[in-house]
Amino acid sequence: MKKKTASIYMMVVVLALLSVSTAVAQGNTSQQKLPNVQVKDMDGRLMNVNSFSNGGKPIIISFWATWCKPCISELESIADDYEDWQKVAGVKLIAISIDDTRTNGGIKSLVSSRGWTYEVYNDYNKDLYRALGIANVPYTIVLNGDGKVVERHAGYNPGDEYRLLEVVKKIGKP
Amino acid sequence: MRRKIFIMITIAGISNVLRAQEIPGKLSGGLESNNQYYIDDKATQAKAPRDKIATNSYFTLNYTLKNFYAGVQLESYLSSLMGYPEGLKGTKLTHRFAGYRTDKIDITAGNFYEQYGNGFVFRSYEERQLGIDNIMDGVNVRFTPLKGIRLKASYGLQRVLMDNGEGIVRGADLELDPLDLLKIKHRWGVTIGGSVVNRYQRYTGPDEDFPPGVDAWSGRLQLTHPYYNLNMEYVGKSADPTDVNKNIFKKGSLLYISQTITTNKGLSADIAFRRMENMEFRTDRTQKDNVAVLNYLPALTKLYTYSLPGLYPYAAQSMGEIGGKVDVFYHFKRGSALGGHYGTKLSLTASMYRNLDTARLNSKEGFRAEFWKLGPTELYNDVNVSLERRWTSWVKTIISYTNLRYNQGYIQGPGFGMVNADIAVVDVLLNFDRKNSLRGEIQHLWTVADERNWAAVLLEYGYAPGWSFFAGDMINYQSKKIHYFSAGGAFNYKEARVSLSYGRQRAGLLCVGGICRVVPAYSGANLSFTYNF
């Protein structure tokens, strides 16, 4: 009996936390910046995530992994039109891989052979991924010119990239 | 009970304050919930547990205010999904931490994740699908006094299932960029580093020589260049008798060499080599499987994403293994003969692992192994060729062929033999327009071993941006003739994702990122929900 009441209390706590967080999230989404977490660049140097910038233009952050097929599909389909995207919306794409020691030796070779011109980083122990509460890749975040999160999207369906372009076009406008 | 009421009041209080005014700082986090309804299934001999409904849920909340940060995670296993470690049960606030972070220093008190070097001596991380969360509870410091010097120091207990384990862990890691420190500008980057980790667990047995403390240390070197990367690490470990290694007093070692070569001509490659012996490192010497593991020893092989090559996943052999992997990528440029209008991507992967050349010893050491010699037993071998090509704006195909040799007896246990299998996969994606897409997979596996030949099909329909549906089947048509069918759908809306599926799961190894757990056969419906903010 005691166990049961305890678990009921816990459920209430969860619900309370959830309602708090959604209330806050709704009021706050437009003001969130990225947390001050470090990721590694392709030379193994640590880089502060809050120093990402694109001269006041929007940034797309795409979480991916070398073993994630939909992630590569998404980055491939954007790569085909990336120059246009940069022209039209001034957008920059930052691809953050969550590969760990098992597969992170292959990030640079995969990116290089596919000819991707994105900025690529490795969140090697998922510090950033976790700080943002992400559960699965692919996951996409759009930052506006002030570095604030304006859009988040879990998963990838072929065609999602067109909607993403609409979003960055809209916020890219002065 | 009083504590719980206190927590509730606090939360209610905070939430009222939050609603009343704009709070300073930022909140982020997420909710993940996996629910399964089990049924009995005669065909696969899957039996539903007594409680037919199982739910694993995780809720995280992080708070940041300028340089200050704090967070909690609540986990609930009511009841826990089949195949998860038995000790994961009930509901608990499993993480709570607070910290202070500037560009020079980052101090965390409470729960923290950390990794030294490649993780071979120390990595605490979470992999929910495998039921792994070896988060530490103590103090962690990351200190960067100068650009080019990075120091980490960690101290604490490790989470083991729902509580902290009894093994005490302390460690430090130093990383230097000598060229930066000497202010030399160069195309090459050099990083050197080293770690030490000590674990102490009380020993009350009769053996006077038994080491309650175990040390592991490592040295590493990293070279970087626009077209070349080298990552080397050597690890040594003191005698660590455990239940798993039958209490031998053998020292452990690991050598890892990884290189990446790229060109601006579309050709690139990465090559990894690893040799290890007796490298299992736990905070609790009586645990097994993925519980209380302190270091990270993934299988360095290609991670297959298709279901049939995934039937025989290699798992790293921490007692003794020598081998490596090569990946070669080539991009046939647009407009070339083989590239076609959109370009063609070729990838070639091969890996080979063997056991060590060992001699049994009568002393407490247990065995002796030659360093630079391959052992007599083949553990795993694979070769894969994949071609990815877009034919028109709306048709894309991936063709893949794999040959693998998998020593099932060595990896999964006695009663199995060597599996030699050939696998062909054809994957076609049709983008009808900007919203509708259809993807189909046909796979076939040829082998005379184990459950013999397999065939599999999968259809996936996507309606961007929100909806996707799939239906698939997989059958071992020469042996048990069981259809492992599944079907379902998912809906994404911004940061939320809900998915529902129904089908059969085959008993076997489930591997994520090269770490595996054994899953039982089950049948039923699954409902998953993720949301973050």
S.K.: Chain A: which of B:R434, B:Q259, B:R142, B:R150 shares the most heavy-atom pairs with it under 4.5 Å?
M.R.: B:R434
S.K.: Checking B:K302 against chain A: side chain, backbone, both or neither under 4.5 Å from a heavy atom?
M.R.: backbone
S.K.: Contact part of B:N264 toward chain A, heavy-atom cut-off under 4.5 Å: side chain, backbone, both or neither?
M.R.: neither
S.K.: So which residue, A:K69, A:Q38, A:R163, ends up with the most heavy-atom pairs under 4.5 Å with chain B?
M.R.: A:K69
S.K.: Measuring only between side-chain heavy atoms, which start at C-beta, is A:R102 closer than 4.5 Å to A:W67?
M.R.: no
S.K.: Sort out for me which of A:L46, A:V111, A:L110 touches chain B most, counting heavy-atom pairs under 4.5 Å.
M.R.: A:L110
S.K.: Going by heavy atoms in the side chains, are A:I78 and A:W116 under 4.5 Å from each other?
M.R.: no
S.K.: So, do B:Y113 and B:H95 have ring centers that fall under 6.0 Å from each other?
M.R.: yes
S.K.: B:Y228 versus chain A, heavy atoms under 4.5 Å apart: side chain, backbone, both or neither?
M.R.: backbone
S.K.: Checking heavy atoms, do the side chain of A:D127, its backbone, both or neither come under 4.5 Å from chain B?
M.R.: side chain
S.K.: Which bit of B:Y342 comes within less than 4.5 Å of chain A, counting heavy atoms only: side chain, backbone, both or neither?
M.R.: neither
S.K.: Which one wins on heavy-atom pair count under 4.5 Å against chain B: A:H153, A:K108, A:M42, A:K126?
M.R.: A:K108
S.K.: Looking at chain A, which one of B:Q222, B:E388, B:E175 has the largest number of heavy-atom pairs inside 4.5 Å, strictly under?
M.R.: B:E388
S.K.: Side chain, backbone, both or neither: which part of B:L346 has a heavy atom under 4.5 Å from chain A?
M.R.: neither
S.K.: Are any of the side-chain nitrogens in B:E32 or B:R128 under 4.0 Å away from the carboxylate oxygens of its partner?
M.R.: yes
S.K.: Has A:E74 got a side-chain atom pairing as donor or acceptor with A:E76's backbone, closer than 3.5 angstrom?
M.R.: no
S.K.: Taking every heavy-atom pair that is under 4.5 Å apart, which of B:P226, B:G71, B:A272, B:A464 has the most such pairs with chain A?
M.R.: B:A464
S.K.: Can you pull out every salt bridge (Lys or Arg N to Asp or Glu O under 4.0 Å) where at least one residue sits in residues 40-56 of chain A? Sequence neighbours excluded, please.
M.R.: A:R45-B:D180
S.K.: Given that the side chain runs from C-beta out, which part of B:E460 has a heavy atom under 4.5 Å from chain A: side chain, backbone, both or neither?
M.R.: neither
S.K.: Using side-chain heavy atoms (C-beta onward) and a distance below 4.5 Å, is A:Y118 in contact with A:I60?
M.R.: no
S.K.: Indicate yes or no: at least one non-hydrogen side-chain atom of A:I61 is less than 4.5 angstrom from one of A:L34.
M.R.: yes
S.K.: Counting only heavy atoms closer than 4.5 Å, note whether B:S347 contacts chain A via side chain, backbone, both or neither.
M.R.: neither
S.K.: Which one, A:Y162, A:Y156, A:Y139, leads in non-hydrogen pairs under 4.5 Å with chain B?
M.R.: A:Y162
S.K.: Under 4.5 Å from any heavy atom of chain A, what part of B:T305 do you find: side chain, backbone, both or neither?
M.R.: side chain
S.K.: Answer yes or no: is there a side-chain heavy-atom contact under 4.5 Å between B:Y125 and B:Q115?
M.R.: no
S.K.: A:N48 versus chain B, heavy atoms under 4.5 Å apart: side chain, backbone, both or neither?
M.R.: side chain
S.K.: Classify the ring geometry of B:F529 against B:Y531: parallel below 30°, tilted from 30° to 60°, perpendicular beyond 60°.
M.R.: parallel
S.K.: Could you check whether any side-chain N or O of B:D433 sits under 3.5 Å from a backbone N or O of B:N436, counting only pairs where one atom can act as donor and the other as acceptor?
M.R.: yes
S.K.: Pick from B:K435, B:K396, B:R101: which one has the most heavy-atom pairs with chain A under 4.5 Å?
M.R.: B:R101
S.K.: Mark yes or no for whether A:Y129, through its side chain, and A:Y124, through its backbone, hold a donor-acceptor pair below 3.5 Å.
M.R.: no
S.K.: Is chain A contacted by the side chain of B:N67, its backbone, both, or neither, given a heavy-atom distance below 4.5 Å?
M.R.: neither
S.K.: What part of B:K345 lies closer than 4.5 angstrom to a heavy atom of chain A: side chain, backbone, both or neither?
M.R.: side chain
S.K.: Which one wins on heavy-atom pair count under 4.5 Å against chain A: B:W467, B:Y69, B:F120, B:Y493?
M.R.: B:W467
S.K.: For B:K325, check salt bridge (charged side-chain N to carboxylate O under 4.0 Å, His left out) against everything at least two apart and list the hits.
M.R.: B:D327
S.K.: Would you find more than 12 non-hydrogen atoms of other residues, nucleotides or ligands less than 6.0 Å from A:Y82 atom OH?
M.R.: yes
S.K.: If you tally heavy-atom pairs under 4.5 Å against chain A, which of B:T260, B:D106, B:T144 wins?
M.R.: B:T260
S.K.: Which answer fits B:T262, side chain, backbone, both or neither, if we ask what part of it has an atom under 4.5 Å from a heavy atom of chain A?
M.R.: both
S.K.: Please indicate whether B:K333 has more than 12 foreign heavy atoms, meaning atoms of other residues, nucleotides or ligands, lying under 6.0 Å from its NZ.
M.R.: yes
S.K.: Heavy-atom cut-off 4.5 Å, strictly under: side chain, backbone, both or neither for B:T263 against chain A?
M.R.: backbone
S.K.: Taking side chain as everything from C-beta outward and backbone as N, CA, C, O, which of these in B:N118 sits under 4.5 Å from a heavy atom of chain A? Side chain, backbone, both or neither.
M.R.: both
